[in-house]
Amino acid sequence: MSFNEINAVENFVIMTMTGVNLNDTGSVHEDSAPYGAQWIYKPSSELRREITEVMVETEVKDALIRLNPEIAAQPDRADEVIYKLRSILLSVNSTGLVRANEEFAKWLRGEMSMPFGKNYAHVPVRLIDFDHIANNSFWLVNQFSVRNRETKRPDVVMFVNGLPLVVGETKTPVRPAVSWLDAASDIHDGYENSVPELFVPNVLSFATEGKNLFYGAVRTPLEFWAAWRLNEGAEEAELPGLEAVSAELKQLLAPKTLLDILYNFTTYTTNKSRQRTKVVCRYQQYEGANKIVERVLENKIKKGLIWHFQGSGKSLLMLFAAQKMRRLPALKNPTVMIVVDRIDLDSQTQNVFKEAPNVMSTEDIETLNSYLENDSRYIIITTIFKFKDAKPNINRRDNIIVMVDEAHRTQEGDLGQRMRAALPNAFFFGLTGTPINKSEHNTFWTFGATEDKGG
């Protein structure tokens, strides 16, 4: 059998994610359970849809009825929701892909409501069950044809409850002149322009030639597509070619990870040219933020140090961690504080956080004291200098989480002591690219926990 991008890479992706080996002509595709936290292979010929439709509407309707009691009581209500979703898909030509994607994401995350309650009260509409992942259907479809301005056929499209959340493109591994960049270009320069409706529900897209795996959000320039690195040990990180891509795919596109990225690790912002842009986390932000969240949920160790490289996006790491903790019911509406030590850092951080809900800045010392005394439940951005007159025990709540930027500075003197005395039961996490390890000034001692190897 000669090697090409389909039998060498596309089919490898399918087998990696679903266990179905399309290269084995003697194998028979069998229908699996309709729901569950795993990807199920579906030939495109089995989808009940027109070539101009990007949603599998029968599956979307089934999910709406399954996940929403008010819609289950009157199934016709599902058609009203689908009509709203279709409108967003059609709006892409006038509003632009990123803005349409942002609007659709609100529906995906369950932030939108319809008057389906008693006396026409608005109730949230769920397209996806984030709490019980096995309640969703996960389909992987190959050679998915879709027609708009012209007909395109992406190699891989991954559907959750009938909604295309991931698009993947593969290239041959045996031609040196071809790389993952060619596959990413097909998505970025080709599909996103020719069939933009397909990318309105999109969480991320990926490209691989079997040697490297890169992913990006809609309209992300190719130079900003990122690799998803393994973080479970050096042995796995050194796997060659297809084996490494397989391990990375299993991590990045695991149903739990993908839905976590959609719900907690995506943000939208406006760049200097006033263009709307979508930002999806990189692997180090995903891992670091989740380590903070896990430690807070365990509520045993009250501190931690994240040592990162300069330019690795620690402001976004803090944003993603703050967003996730604010949304977790188990943390009972926590207060999250972002503490910086310079006015310019304060401004930069506020710019990153400006799109997040319930964010408050502190104009002066009195404002900070007021927030803490009144037990305000916000994401609070402040400078360490505003703690200089803070009273001891100003707030003794144990679901206050403090993340300190540039943690190697100003944390071991009077200001740092006053902050800790004011919030005696809070969590304190330090982030720095240049930790200091001296007897009189030790970032590892200040923020590192004894349970953490090397602090």
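Relative orientation of the Phe214 and Trp180 rings is parallel, given thresholds of 30° and 60° on the angle between their planes.
Side-chain contact check for Asp129 and Asn136: no donor-acceptor pair (N or O, by modelled atom type) lies under 3.5 Å. Counted by atom type alone, Thr170 and Asp155 present one or more donor-acceptor pairs between their side chains at under 3.5 Å. With hydrogens and angles left out, the side-chain atoms of Asn425 and Lys302 include no donor and acceptor closer than 3.5 Å. Checking Ser137 against Glu59 by side-chain atom types alone, a donor-acceptor pair falls below 3.5 Å. Thr277 and Arg219 form no side-chain donor-acceptor contact under 3.5 Å, judged by distance and modelled atom types alone.
Remark: Lys300 does not engage Glu298 in a salt bridge, criterion side-chain N to carboxylate O under 4.0 Å. Ion pairing between a basic and an acidic side chain is recognised when a charged N comes within 4.0 Å of a carboxylate O; Asp452 and Arg295 show such pairing. Salt bridge status for Arg66 with Asp62: present, with a side-chain N to carboxylate O gap under 4.0 Å. The residues Arg77 and Glu70 are annotated as not salt-bridged, no charged nitrogen and carboxylate oxygen being separated by less than 4.0 angstrom. Arg276 and Glu102 are joined by a salt bridge, as a carboxylate oxygen and a charged side-chain nitrogen come within less than 4.0 angstrom of each other. Contact check on Glu103 versus Lys106 returns a salt bridge, with a Lys/Arg side-chain nitrogen under 4.0 Å from an Asp/Glu carboxylate oxygen. A salt bridge does not link Glu50 with Arg147: none of the charged nitrogens is closer than 4.0 Å to a carboxylate oxygen.
Just one residue in the list Arg49, Arg48, Arg86 forms a side chain to side chain donor-acceptor pair (under 3.5 Å) with Glu57, and that residue is Arg86. No option in Val60, Leu108, Leu64 other than Val60 meets the side chain to side chain contact (heavy atoms under 4.5 Å, CB included) test with Leu85. Exactly one of Val280, Val352, Thr269 qualifies for a side chain to side chain contact (heavy atoms under 4.5 Å, CB included) with Leu316. That residue is Val352. Each of Leu181, Val9, Thr208, Asp186 was scored for a side chain to side chain contact (heavy atoms under 4.5 Å, CB included) with Lys171, with one residue passing: Asp186.
Side-chain contact check for Phe116 versus His122: every heavy-atom pair is 4.5 Å or farther apart. Contact annotation: the side chain of Val54 never approaches that of Phe199 to less than 4.5 Å [non-hydrogen atoms, C-beta and beyond]. Under the 4.5 Å side-chain criterion, counting only non-hydrogen atoms from C-beta, Val404 is not in contact with Thr432. Using a 4.5 Å cut-off on side-chain heavy atoms (C-beta onward), Ile381 and Phe353 make contact. Residues Arg397 and Ile400 are in side-chain contact: their nearest non-hydrogen atoms beyond the backbone lie under 4.5 Å apart. Contact annotation: the side chain of Val402 never approaches that of Phe429 to less than 4.5 Å [non-hydrogen atoms, C-beta and beyond]. Side-chain contact between Gln251 and Tyr283 is absent, with no heavy atoms from C-beta onward closer than 4.5 Å. Side-chain contact between Tyr41 and Val141 is absent, with no heavy atoms from C-beta onward closer than 4.5 Å.
For an aromatic pair to be called close, the ring centres must be under 6.0 Å apart, and Trp228 with Tyr215 satisfies this.
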Arg109/Glu111 under salt bridge (charged side-chain N to carboxylate O under 4.0 Å, His left out): CA gap, chis, key distance, verdict: CA-CA 6 Å; Arg109 291 195 297 265; Glu111 296 172 2; 2.8 Å; yes
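Contact record, Asn358 with Arg326: ND2-NH2, 3.4 Å, taken as the closest heavy-atom pair. Residue Ile71 comes nearest to Ala78 through the heavy atom pair CG2-N, 3.7 Å, listed as atom of the first residue, atom of the second, then distance. Among all heavy-atom pairs drawn from Pro196 and Asn193, the shortest one is CD-O, 3.6 Å. Heavy atoms only, all atoms of each residue included: Ala207 and Ala184 are closest at CB-N, 3.5 Å. Shown here for Ser179 and Glu209, the closest heavy-atom pair between the two residues is CA-OE2, 3.7 Å. Minimum interatomic distance between Ile133 and Pro255 (heavy atoms only, all atoms of both residues): CG2-CB, 4.2 Å.
In the displayed structure, Lys84 atom NZ is contacted under 6.0 Å by at most 12 heavy atoms of other residues, nucleotides or ligands.
Relative to the six-membered ring of Tyr191, Lys152 misses at least one condition, a distance below 6.0 Å or an angle of at most 45° to the axis.
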